[in-house]
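Worksheet: the structure to be examined is printed underneath.
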Amino acid sequence: MSPESPHKVVFRDTAVLKQVVGTNSNHLKIISDTLGVRLGLRGNEVHIQGDSLETALATQLLEQLGTLVEKDYPLYPSDIDYAIRLLSENRKVSLEEVFLDTVYISGRHKIISPKSIRQKNYIDAIRKNDIVIAIGPAGTGKTYLAMAMAVSALMKHEVERIILARPAVEAGEKLGFLPGDLIEKVNPYLRPLYDALHDMMHFEKAARLVDRGIIEIAPLAFMRGRTLNNAFVILDEAQNTVPEQMKMFLTRLGFGSKAVITGDITQIDLENGRKSGLVQVQDILKGIPGISFVYFSDRDVVRHHLVRLIIRAYERMGTETRDEA
């Protein structure tokens, strides 16, 4: 596989070509629609027509996608979108360095890897630091990648257990008004963590680990008074902690443990103007060795492409509202 001119990419391996082109040429259609170039398949060649900048970008993209496939990376349509974004933002980016940094291979043989430079920086930060605080909008992979890193660490016996926590309800974990026993009350608030976990491993295996206490999913209030040794601890939805809860969580960390804290400071649900512990902790812990902050933006959204546009629309509305005030 090699480019023979600025306007075509030649694939020597037919199997590689098929994966790059996609089923019914759907990958080529994504590239064409996004970059505004015309792509044509002639034998083992992809011909590119368009403005010089877009043509050069499409050529580079196809070359690097071919390299990924040659190294056994399974391409999906979503990967094409992520790859276009990466190269559009930085033409020096190596897709190989990002996409082939495998975090975890799930029980369903799904390869979990970063899809943006910020995600790559995030998993590197988790590897290097004992506490990582990730702040950014929904859909940027903050909790999902942290969960993948946790499960990977457990499978490699780097930790003995995983603890997943989140504030049980928005207003200070007031559970009394909900029907049912304690488990029934908190389960709806913990459901997203169960969903992410079940995406990493088969349901039966996850259930066994939860039953044995090797994986614990609990409301934040359950962390009080504990010391968490040899554990990978994740605090999700941390924007809805108050400062006292954030301090309590951070001081649970024991020997051989890592903590990842995730949240979106634009989605704070605390009542009565109470200050968010996630907002405050940025000033308190800034500059401490071993603690890393990672900030995501709408550019890092890895859900449906409309999610990114929705986030931007709400941000514009918020700016307009502040300007009018």
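Judged by distance alone, the side chain of N230 and the main-chain N or O of E160 form no donor-acceptor pair under 3.5 Å. For the pair S257 (side chain) and L228 (backbone), a donor-acceptor distance under 3.5 Å is present. A donor-acceptor pair under 3.5 Å is absent between the side-chain atoms of K128 and the main chain of G290, judged by distance alone. Side-chain N or O atoms of S116 include one that pairs as donor or acceptor with a backbone N or O of Q119 at under 3.5 Å. With hydrogens and angles ignored, the 3.5 Å screen pairs a side-chain donor or acceptor of N90 with a backbone N or O of K92. Judged purely by atom type and a 3.5 angstrom limit, K258 has no side-chain atom pairing as donor or acceptor with the backbone of I131. Judged purely by atom type and a 3.5 angstrom limit, T55 uses its side chain to pair as donor or acceptor with the backbone of D51. For N24 (side chain) and N26 (main-chain N/O), no donor-acceptor pair under 3.5 Å exists by modelled atom type. S32 contributes a side-chain N or O that, together with a main-chain N or O of V37, makes up a donor-acceptor pair within less than 3.5 Å. Of the possible polar contacts, one joining the S88 side chain to the I84 backbone as a donor-acceptor pair under 3.5 Å is found.
Within the 4.5 Å cutoff, side-chain heavy atoms of I31 are placed close to those of L62. Counting only heavy atoms from C-beta outward, the side chains of L270 and S276 approach each other to under 4.5 Å. Looking only at side-chain heavy atoms (C-beta outward), Q64 and E96 stay at 4.5 Å or farther from each other. Under the 4.5 Å side-chain criterion, counting only non-hydrogen atoms from C-beta, Y82 is not in contact with D300. Contact of the D264 side chain with the I135 side chain is not registered, since no non-hydrogen atoms from C-beta on lie closer than 4.5 Å. Residues L250 and I261 have side chains in contact (heavy-atom distance under 4.5 Å, counting atoms from C-beta outward). When side chains are defined from C-beta on, L100 does not count as touching L95, because their heavy atoms never get closer than 4.5 Å. Side-chain contact between P77 and H27 is present, with heavy atoms from C-beta onward closer than 4.5 Å.
Counting only N and O atoms by type, the side chains of Q282 and Y295 include a donor and acceptor under 3.5 Å apart. Donor-acceptor pairing under 3.5 Å is recorded for the side chains of Y73 and D79. Donor-acceptor pairing under 3.5 Å is lacking for the side chains of S113 and T102. Counted by atom type alone, H47 and E45 present one or more donor-acceptor pairs between their side chains at under 3.5 Å.
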side-chain contact (heavy atoms from CB on, under 4.5 Å) evaluation trace for T266 with Y314: CA-CA 10 Å; T266 69; Y314 271 95; over 6 Å; no

Residue pair Q239, E237: steps toward the side-chain hydrogen bond (donor to acceptor under 3.5 Å, both in side chains) verdict: CA-CA 5 Å; Q239 75 275 7; E237 294 290 322; 2.7 Å; yes

Residue pair D101, E97: steps toward the side-chain contact (heavy atoms from CB on, under 4.5 Å) verdict: CA-CA 6 Å; D101 186 358; E97 290 183 6; over 6 Å; no

Test side-chain contact (heavy atoms from CB on, under 4.5 Å) applied to L164 and D236, step by step: CA-CA 8 Å; L164 311 169; D236 189 35; over 6 Å; no

Stepwise side-chain contact (heavy atoms from CB on, under 4.5 Å) check, L154 with I215: CA-CA 9 Å; L154 182 67; I215 296 178; 4.2 Å; yes

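Between F296 and Y122, the ring center distance clears the sub-6.0 Å criterion.
Taken to the nearest 0.5 Å, the CE atom of M155 stands 4.5 Å off from the CE atom of M201. Here CG of L75 is found 15.5 Å from NZ of K18. Values are rounded to the nearest 0.5 Å. The CD1 atom of I123 sits 10.0 Å away from atom OG of S152, with the distance rounded to the nearest 0.5 Å. Within the model, atoms CE of M246 and CD1 of I133 stand 6.5 Å from one another, a figure rounded to the nearest 0.5 Å. The CZ atom of R127 sits 10.0 Å away from the CD atom of E158 when rounded to the nearest 0.5 Å. Atom-to-atom distance recorded for I291:CD1 and I284:CD1 is 10.5 Å, nearest 0.5 angstrom.
Taking all atoms of both residues into account, the shortest heavy-atom contact from E54 to L35 is CG-O, 3.1 Å. Closest of all the heavy-atom pairs between K120 and P114 is N-CB, 3.6 Å. Scanning all heavy atoms of the two residues, the minimum distance from L193 to R166 falls at CD1-CG, 4.0 Å.
Using a 4.0 Å cut-off between charged side-chain N and carboxylate O, E89 and R118 make no salt bridge.
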